[in-house]
Amino acid sequence: MKHLTLDLSGFSASAIAGAGISDSDLDGIAPRARDAFAEAMACWKRGDVGFWDLPDDHGAVADAKAAAARLPAEVDTLVVLGIGGSSLGPHALWSALVPPFGERGAGRRLLFPDNSDPATMAALLASCPPERTAYNVVTKSGGTAETAAQLLIVERHLVAAVGEEGARARLLATTDPERGGLRALAGERGWATLPVPANVGGRFSVLSAVGLYPAAVAGLDIAGLLDGARAVRDDIVAAGDDLRKNPALALAALLHWQNAEAGRPLVVVMPYADALYDCADWFRQLWGESLGKRSDIAPTPIASRMATDQHSQLQLYTEGPDDKSYLVLAPAKRPALVMPGDGPVAARPEYGYLANRQLGELIDAELRGTVASLGARQRPVATLLLDEVSSPAVGALLFLFEAAAAFAGPLYGVNPYDQPGVEEAKRLAFGALGRPGFEAEAEKLAVRPRPGGLIF
Ligand code: PA5
């Protein structure tokens, strides 16, 4: 694959005696994998599922750049208002591609309050001068309460500080091209808008305007993101329904097999690079919300920051229950930062082994140690290397995961594109807030002490 190397050999029977997948197992699941591939392709070809087309949308790149260029010159910060896929995707791009702590150069800073926690929002408003802050309100449906609440507060805050015109220059709505309250409101108020294609759902939307506009404001190479995604998409489609050739199909099928046949429902994604942690967090939503729909079988995704979690979770992973598959994420190339070979620290015999080595060698050594110790205990561990943390490689990574989710849905026997559990929670929140039309949901929330229940 261009930009990525996926090594699934740690899942094989030759790596995990008795609990890995053998050649005959692969032959056994091949027909189901072929069906899953056919079903995913059919959804795309029927036009029901549009994330496959996003890598070709050069118009979306041009529109995102043009909208970013229209921001007032004094704006130095863009706050993304949204939740779920409407925040996790752009956040993953920002964390992956913008060095932490540093100067922003020509790009602007992005902030992701994400949650509807009043403490976070109040602190954000207090610390972001209105004339220097723009807001991108992102909601595919246009109706999510958390995002609507953020918008209510921000719109008033902006108008009070910079007037109607100033607010209009600082607000951009990313939403369904036709439907929903935000589309209507933006039209009435004259706010700039960008579309999320109707057939692209929240957790599959990172390569649409949802991710592209904030990334363009941050000065990132958004055409490169789509280039990388397109390269992987084309590889996946060309590889077809043979799971021995198709990396996304193989990833989906092997993780499903670990869950269904080997009793390992947990999937731990372990980025050995801080830049990739929010990609793992985004994967949690993609995998959990797309596939968590049956009470008898479903994967539970976990994001584990490495090497940090070697000092927090690795004990559990190596000696705790054998109910997890592991996917290590790492860049093949890291920035150079040498540990000095002279001076009092290097002179100590306890630290001399680090002298004149790259800091990246240490984190890579930690990675190798984890792979070895999990492997030695017959725990399935795969590695996914990005050639480097660049826009094309990150685009490729996110697309590979999206394609794998599309294939895993049929393997699990679920629709990976809906989220009834999420929608139910949204309706219950409406009921709790007394929204007309949601009286039945409000009734479900009435608190009734349960006989025998303990309340202290
Ligand atoms: O993947 C999904 O569709 C959801 O998790 C959404 O991303 C999330 O609920 C936010 O929805 P919306 O973008 O409609 O506000």
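Keep in mind that what you see is a predicted model, and the values were worked out from it rather than measured. For the single chain, residues carry numbers from 1 onward in sequence order. Side-chain atoms are counted along with the backbone in the values below, which use heavy atoms only and exclude waters and symmetry mates. Note that ligands are numbered from 1 as they come in the structure, with each ligand's atoms numbered from 1 the same way.
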J.: So that I know where these two stand, are Trp44 and Phe51 an aromatic pair - ring centroids less than 6.0 Å apart?
T.: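 Not close enough - the centres of the two rings lie 6.0 Å or further apart.
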
J.: Aromatic rings Phe112 and Trp94: how do their planes relate, parallel, tilted or perpendicular, breaks at 30° and 60°?
T.: tilted

J.: Does a sphere of radius 6.0 Å around CD in Glu74 hold more than 12 heavy atoms from other residues, nucleotides or ligands, not counting ones at 6.0 Å or beyond?
T.: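 More than 12 within 6.0 Å, yes.
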
J.: Can a salt bridge be assigned to the pair Arg109 and Asp76 using a cut-off of 4.0 Å between side-chain N and carboxylate O?
T.: no

J.: Please say whether more than 12 non-hydrogen atoms of neighbouring residues, nucleotides or ligands are located less than 6.0 Å from CZ in Arg156.
T.: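 No, the 6.0 Å shell around CZ holds no more than 12 heavy atoms from other groups.
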
J.: Which heavy atom of Phe430 sits nearest to which heavy atom of Ala145, and what is that distance?
T.: CE2-CB, 3.8 Å

J.: Quick one, list the residues around ligand 1 where some non-hydrogen atom comes in under 4.0 Å, by chain and residue number.
T.: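 Ligand 1 pocket, heavy atoms under 4.0 Å: Ile83, Gly84, Gly85, Ser86, Thr139, Lys140, Ser141, Thr144, Gly202, Arg203, Gln285, Glu289, Gln419, Val422, Lys426.
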
